[in-house]
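First comes the structure, then the notes that go with it.
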Amino acid sequence: MERALIFKEWVKTRMVFFISLGLTVCIALYTVAMMNRLIELKGVDHLWLIMLLKDNTFIDMIKYTPLLVGLAVGVAQMVPEMTQKRLKLTLHLPYPQRRLVGIMLLTGLVELLIIYLLQALIIAVYDFRILPVEVVGRVMLTTLPWYFAGFTAYLFVTAICLEGTWRRRIVLSLLAIAVLMIYFLQPALEAYNGMILLIIIAIVLFTILPFGSIIRFKEGRQD
C-alpha cells in the first residue's frame, strides 16, 4: 500500500519535480559560472577580497528559488486532491489516516530535499575548490534559511489546499506570509545562525497544520 501511495504522489508531482530540479541546477551552475568568470578576469585573490571585505557570497540569485520550488511542489501535489475531489476517496482507503497523510507529506518533503541538496552540493563542491573551509561554511550557512523557507512554504501550501473553509484558508495564508517574511528580513551573512535550531523545531511543528486541515475536512467543515 505504501508503494502505491508514494507512486500516486509521484505521478502528481513528477513534472514539477523535474522542472524545479532543472531550474535549481541551472541557477546553481550560473552562479558558479559567474564566480569562475570573475576569477578568470581578475584572479581568485580578487574574489576572496570581495567575499571577505564586502560580504558578497555570489549566491543572491538562489535566494527565492527554494521558496518558489516549495510552493510549486505543494500546489502540484495538493490542488488535484481538492479540485478533482480525490481527497474523499483517498481518505476512505483501508489504511490509517495519519500514516496516509504522513506518506503524502513525506513524499513532497523528500522531493524538496533532493532538489535543495543537489543545488547546495553544486555550489559547495565548486566553493571548496577555491575557498577556505571557513568561508564555504559561511556561504552554506547563509543559504540555510532560504531552504528552510522552501520547506515551510510547502507545509503551509499543503495545509491551505487541504483546508475546506475559505475563512481558515485566509488565516493560514496570512500566517504563512508573516512566517516566510521572517526568513528574508536579515540580509547579513549567517544572520540566522543563532536561530537554526528554533527554525527546525518550528518546521517540525508546522507539519501539524496539514493534519489539522485533513481532520477538519473529514469532519465536513467545508464552504
Side-chain angles (χ1 to χ4, degrees), residues 13 16 20-21 23-24 27-28 31 51 54-79 101-102 104-121 123-124 127 134-163 165-214 216:
T13 58
V16 171
S20 299
L21 185 64
L23 175 65
T24 54
I27 291 175
T31 300
M51 297 186 75
K54 298 185 178 181
D55 285 340
N56 187 342
T57 57
F58 295 93
I59 55 171
D60 287 344
M61 183 171 291
I62 74 170
K63 189 171 186 178
Y64 297 103
T65 306
L67 173 63
L68 295 176
V69 170
L71 292 172
V73 172
V75 169
Q77 187 178 15
M78 298 304 173
V79 166
V101 178
M104 293 172 67
L105 294 177
L106 185 61
T107 302
L109 291 171
V110 169
E111 289 182 12
L112 292 180
L113 184 62
I114 292 171
I115 294 170
Y116 298 160
L117 280 178
L118 185 57
Q119 184 182 60
L121 186 63
I123 295 172
D127 283 358
E134 294 79 8
V135 177
V136 177
R138 295 187 70 191
V139 172
M140 302 317 297
L141 284 172
T142 301
T143 66
L144 266 185
W146 305 341
Y147 293 120
F148 287 150
F151 289 119
T152 302
Y154 168 79
L155 293 171
F156 270 104
V157 165
T158 57
I160 292 167
C161 290
L162 296 174
E163 175 59 43
T165 63
W166 278 104
R167 182 167 61 180
R168 193 170 178 86
R169 284 178 183 172
I170 293 172
V171 172
L172 286 171
S173 298
L174 293 175
L175 179 61
I177 293 171
V179 171
L180 291 171
M181 285 179 64
I182 295 174
Y183 293 101
F184 302 100
L185 288 177
Q186 297 294 332
L189 297 182
E190 300 181 272
Y192 292 85
N193 281 8
M195 299 174 58
I196 289 177
L197 180 59
L198 181 62
I199 292 173
I200 293 174
I201 294 172
I203 292 174
V204 173
L205 293 177
F206 290 149
T207 60
I208 298 173
L209 295 174
F211 286 93
S213 295
I214 286 286
R216 288 169 56 81

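Numbering of residues begins at 1 and proceeds along the displayed sequence.
The nearest pair of heavy atoms linking R169 to C161 is NH2-O, 4.0 Å. When all heavy atoms of F184 and K63 are compared, the closest pair comes out as CE2-O, 3.6 Å. The nearest pair of heavy atoms linking I115 to S20 is CD1-CB, 3.8 Å. Shortest non-hydrogen contact noted between P210 and A159 is N-CB, 3.8 Å. Minimum heavy-atom separation, A76 to V16: CB-CG2, 3.5 Å.
Under a 3.5 Å cut-off, the side chain of Q77 and the backbone N or O of T158 do not form any donor-acceptor pair.
Legend: residues meeting ring-ring contact (aromatic ring centres under 6.0 Å, His included) with F206, ordered by chain and number and at least two apart, are F156. Judged as a side chain to side chain contact (heavy atoms under 4.5 Å, CB included), and not counting sequence neighbours, the contacts of L23 are I27. Taking the side chain to side chain contact (heavy atoms under 4.5 Å, CB included) definition, one finds that V110 meets it with L106, I114, sequence neighbours left out. With sequence neighbours excluded, the residues that form a side chain to side chain donor-acceptor pair (under 3.5 Å) with R168 are E163.
Q119 contributes atom CD, which lies 7.5 Å from atom OG1 of T31 (distance to the nearest 0.5 angstrom). Distance check, rounded to the nearest 0.5 Å: CD1 of I177 to CG of L172 gives 11.5 Å. Considering OH of Y154 and CD of E111, their distance stands at 7.5 Å, rounded to 0.5 Å. With rounding to the nearest 0.5 angstrom, the CG atom of L175 is 7.0 Å from the CG atom of L209.
Side-chain contact check for L112 versus Y147: every heavy-atom pair is 4.5 Å or farther apart. Contact check for L155 versus I203: side-chain heavy atoms found under the 4.5 Å cut-off. In this structure, the side chains of I123 and T143 stay at 4.5 Å or more apart for every pair of heavy atoms. Contact of the L180 side chain with the T152 side chain is registered, since non-hydrogen atoms from C-beta on lie closer than 4.5 Å. Considering only heavy atoms from C-beta on, T24 stays 4.5 Å or farther from Y116 through its side chain.
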- prompt: Given the rule in the side-chain contact (heavy atoms from CB on, under 4.5 Å) test, do L21 and L118 qualify, once you have shown the distances and angles that lead to the verdict?
  reply: CA-CA 8 Å; L21 185 64; L118 185 57; 3.5 Å; yes
- request: Would you sort out whether F151 and L113 count as a side-chain contact (heavy atoms from CB on, under 4.5 Å), showing the intermediate values?
  value: CA-CA 9 Å; F151 289 119; L113 184 62; 4.1 Å; yes
Which pairs of donor and acceptor atoms, one on a side chain in residues 191-198, lie under 3.5 Å apart (sequence neighbours left out)?
from, atom 1, to, atom 2, distance (Å)
Y192, OH, I182, O, 2.4
Y192, OH, Y183, O, 3.3
Y192, OH, L185, N, 3.1
Y192, OH, Q186, N, 3.1
N193, ND2, E190, OE2, 2.9

What pairs of donor and acceptor atoms, side-chain ones from residues 65-72 against any protein atom, are under 3.5 angstrom apart with sequence neighbours left out?
none

